[in-house]
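First comes the structure, then the notes that go with it.
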2 protein chains.
Amino acid sequence: MPKQTFFNLPEKKRQNLINAAEEEFARVPLHEASIANIVKSAGIPRGSFYQYFEDKEDIYFYLLKEETDNNRVKFFQMLERHDGDIINAVTEFYYEFLVELPDDKEFDFLKNALLNVTHKIEDAFTATFKGKRDTGFFNEVIEMINKDRLNTENDTEIYHMLQIVIAVVFRNFVEKFSKELSDDEAIEHFTIEMNLLKNGLYKN
Amino acid sequence: MPKQTFFNLPEKKRQNLINAAEEEFARVPLHEASIANIVKSAGIPRGSFYQYFEDKEDIYFYLLKEETDNNRVKFFQMLERHDGDIINAVTEFYYEFLVELPDDKEFDFLKNALLNVTHKIEDAFTATFKGKRDTGFFNEVIEMINKDRLNTENDTEIYHMLQIVIAVVFRNFVEKFSKELSDDEAIEHFTIEMNLLKNGLYKN
DNA sequence: TATTTTAAGTGACACATTGTCATTTGTCAA
DNA sequence: TTGACAAATGACAATGTGTCACTTAAAATA
């Protein structure tokens with residue numbers, strides 16, 4: 001977490017620093033980004049940076065969390081709107097994400113994150129589908145899911161269903177960016193895979 | 001790829017360098033690893049390293065490929081043995097991987113790779129399930145799959161089935177390492193998820 | 001064998017980056 | 001006005017990277 005000094009900063013200076021950082025993380029992935037560039041572009045002395053953040057990762061995950069927190073709210077709204085149908089909810093989520101693709105800087109930031117995912121970065125992303133960060137992950141979403149349509153009512157199995165869905169959704173995001181799929185292609189792939197998940201890979 | 005000079009090296013010297021590198025990559029993930037440490041531990045001058053490799057990534061992906069190439073051969077044998085049943089094949093693959101867990105150095109190397117996966121690293125891992133690197137990925141494995149048991153005979157859909165299976169298998173590997181699951185827990189989770197994939201998440 | 005040519009080995013160097021810390025600056029309450 | 005505390009600052013030590021001019025070794029040729 002950023003230090004208190006960062007939050008004490010005047011709005012303008014804080015935003016300026018954030019912009020500089022976002023620019024750097026849009027340019028290159030986390031481990032290639034340099035604090036030197038950030039402070040240079042923000043026009044602040046190097047020492048100041050360390051007044052606000054522990055290190056590079058500190059500001060990175062702060063920004064990434066900002067980015068993904070909005071998405072979590074959206075996802076839960078969709079889950080509600082779709083009456084607890086998890087696959088319809090993630091599908092609309094995916095559609096909307098593609099349609100409302102953020103501006104270039106945000107886009108490149110996400111792309112760099114997705115193509116250079118560490119376990120920690122993946123956690124930040126997938127938290128979108130896992131409920132409030134402080135409550136037990138998943139419980140919240142498991143409660144919202146409509147179990148009538150599912151193949152099981154067992155919570156453990158539902159937990160694993162979620163894990164599967166999240167893994168496949170995540171893979172689709174990564175593929176969209178890495179293979180630079182068009183929106184139509186991306187949606188086509190996504191739809192096929194969601195249907196396969198619903199109906200199963202094997203005959204019954 | 002390593003340069004020719006590397007392959008011209010006398011066996012002993014080459015193995016010595018490989019050992020030093022593996023040690024470093026077992027200690028820390030790729031982006032924290034340092035060539036300085038490798039050459040120091042191998043007892044060779046810095047300049048020599050660049051005689052053999054382009055850079056850090058060059059030797060890293062060479063080692064990772066070595067590691068995963070064996071696995072690919074194993075997987076294809078299993079697919080044959082299980083008569084083209086993809087889920088049975090990956091399940092045995094997973095079991096055997098856990099049972100034959102490699103020595104500490106290899107273990108830590110894999111762990112660091114899995115918890116700090118870039119798209120390039122994931123590609124190296126998932127290539128295990130995709131056939132010979134030079135032929136069209138997937139074609140080889142799609143041919144070997146027994147389609148009688150599957151829900152579709154359409155190649156496109158089978159391609160996506162594979163993508164799904166790989167994503168879920170991969171997730172299970174990462175989870176095993178990140179949550180430090182016992183073998184029994186890992187196998188239990190894996191089995192549940194494979195059954196869900198087979199039968200589908202929704203009622204039909 | 002002597003000489004030339006080619007490949008490999010070497011380590012000092014220029015440059016970049018990180019995180020720290022002693023010092024300075026600014027602000028606010030007494 | 002002054003003292004005290006938070007914040008700002010930039011020079012510095014430490015560490016790392018990739019290169020290059022030079023040395024050494026080996027192989028080819030005369």
Side-chain angles (χ1 to χ4, degrees), chain A residues 1-64 109 112 116 118 120-121, chain B residues 1-64 109 112 116 118 120-121:
Chain A
M1 274 291 288
K3 300 177 182 174
Q4 187 55 46
T5 45
F6 174 69
F7 298 107
N8 294 342
L9 242 36
E11 175 63 19
K12 196 180 157 193
K13 194 171 179 185
R14 198 172 74 238
Q15 198 53 50
N16 177 50
L17 177 49
I18 286 180
N19 282 339
E22 279 178 344
E23 217 165 81
E24 178 68 359
F25 293 129
R27 189 181 67 83
V28 285
L30 172 57
H31 74 275
E32 285 177 47
S34 99
I35 295 174
N37 277 340
I38 296 173
V39 298
K40 189 175 155 197
S41 147
I44 63 170
R46 178 172 196 76
S48 291
F49 180 91
Y50 288 95
Q51 212 72 357
Y52 310 138
F53 300 98
E54 292 296 334
D55 51 26
K56 205 170 52 175
E57 303 217 335
D58 195 16
I59 188 171
Y60 183 81
F61 285 103
Y62 171 71
L63 294 178
L64 189 59
F109 177 73
N112 278 331
N116 298 274
T118 64
K120 212 175 155 191
I121 291 178
Chain B
M1 274 290 286
K3 301 178 182 173
Q4 188 53 47
T5 45
F6 174 69
F7 298 109
N8 294 343
L9 243 35
E11 175 64 19
K12 197 180 158 195
K13 194 170 178 186
R14 198 173 73 238
Q15 197 54 51
N16 177 49
L17 177 51
I18 287 181
N19 282 339
E22 278 179 344
E23 219 166 80
E24 178 68 358
F25 293 128
R27 188 180 68 82
V28 286
L30 171 58
H31 74 275
E32 285 177 47
S34 97
I35 295 173
N37 277 339
I38 295 174
V39 297
K40 190 176 154 194
S41 148
I44 63 169
R46 180 173 194 75
S48 290
F49 180 91
Y50 288 95
Q51 212 72 0
Y52 311 139
F53 300 97
E54 290 297 332
D55 52 27
K56 206 170 51 173
E57 302 217 335
D58 194 17
I59 187 170
Y60 183 81
F61 285 103
Y62 171 71
L63 293 178
L64 189 59
F109 177 72
N112 277 331
N116 297 275
T118 64
K120 211 174 156 193
I121 292 179

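Letters A, B, ... are given to chains in the order of the sequence lines, protein chains preceding strands, and every chain is numbered from 1.
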For A:Lys56 and A:Ser34, indicate whether the former's side chain and the latter's backbone hold a donor-acceptor pair under 3.5 Å.
no
Check against side-chain contact (heavy atoms from CB on, under 4.5 Å), A:Phe53 and A:Leu17
CA-CA 11 Å; A:Phe53 300 98; A:Leu17 177 49; 3.8 Å; yes
[X] side chain near [N] phosphate (N/O to OP1/OP2, under 4.0 Å):
{"X": "A:Asn8", "N": "D:dA7", "value": "yes"}
{"X": "A:Lys13", "N": "D:dA8", "value": "yes"}
{"X": "A:Ser48", "N": "D:dA8", "value": "no"}

Separation of [X] atom [atom1] from [N] atom [atom2], in whole Å?
{"X": "B:Phe7", "N": "C:dA7", "atom1": "CZ", "atom2": "P", "value": "18 Å"}
{"X": "B:Phe6", "N": "C:dA7", "atom1": "CZ", "atom2": "C1'", "value": "17 Å"}
{"X": "B:Phe53", "N": "C:dA8", "atom1": "CZ", "atom2": "P", "value": "14 Å"}
{"X": "A:Ile38", "N": "C:dG19", "atom1": "CD1", "atom2": "P", "value": "11 Å"}
{"X": "B:Glu32", "N": "C:dT18", "atom1": "CD", "atom2": "C1'", "value": "13 Å"}

Select base, sugar-phosphate, or nothing to describe what [X] touches, counting heavy atoms under 4.0 Å on all strands.
{"X": "B:Tyr52", "value": "sugar-phosphate"}
{"X": "B:Thr5", "value": "sugar-phosphate"}
{"X": "B:Leu9", "value": "sugar-phosphate"}
{"X": "B:Lys3", "value": "nothing"}

Is the B:Phe7-B:Tyr52 ring centre distance short of 6.0 angstrom?
no
Centroid separation under 6.0 Å, is that true for the rings of B:Tyr60 and B:Phe109?
yes
Would you mind building the protein contact string for nucleotides 22-28 of chain C? One character per nucleotide, 5' to 3', B for base within reach (heavy atoms under 4.0 Å), S for sugar-phosphate only, - for untouched.
-------
Contact pattern, 5' to 3', of nucleotides 11-26 of chain D - B, S or - by protein heavy atom under 4.0 Å
-----SBBB-------
Identify whether the distance between the nearest side-chain nitrogen and carboxylate oxygen of B:Glu32 and B:Arg27 falls below 4.0 Å.
no
Can you tell me how far CD1 of A:Ile18 sits from CD1 of A:Ile38, rounded to the nearest 0.5 angstrom?
11.5 Å
Enclosure of B:Lys3 NZ (heavy-atom neighbours >12, cutoff 6.0 Å)
yes
Does a donor on one side chain and an acceptor on the other come within less than 3.5 Å for B:Asn19 and B:Glu23?
no
If a pair satisfies ring-ring contact (aromatic ring centres under 6.0 Å, His included) and one of its residues is in residues 28-47 of chain A, list it, with sequence neighbours excluded.
A:His31-B:His31
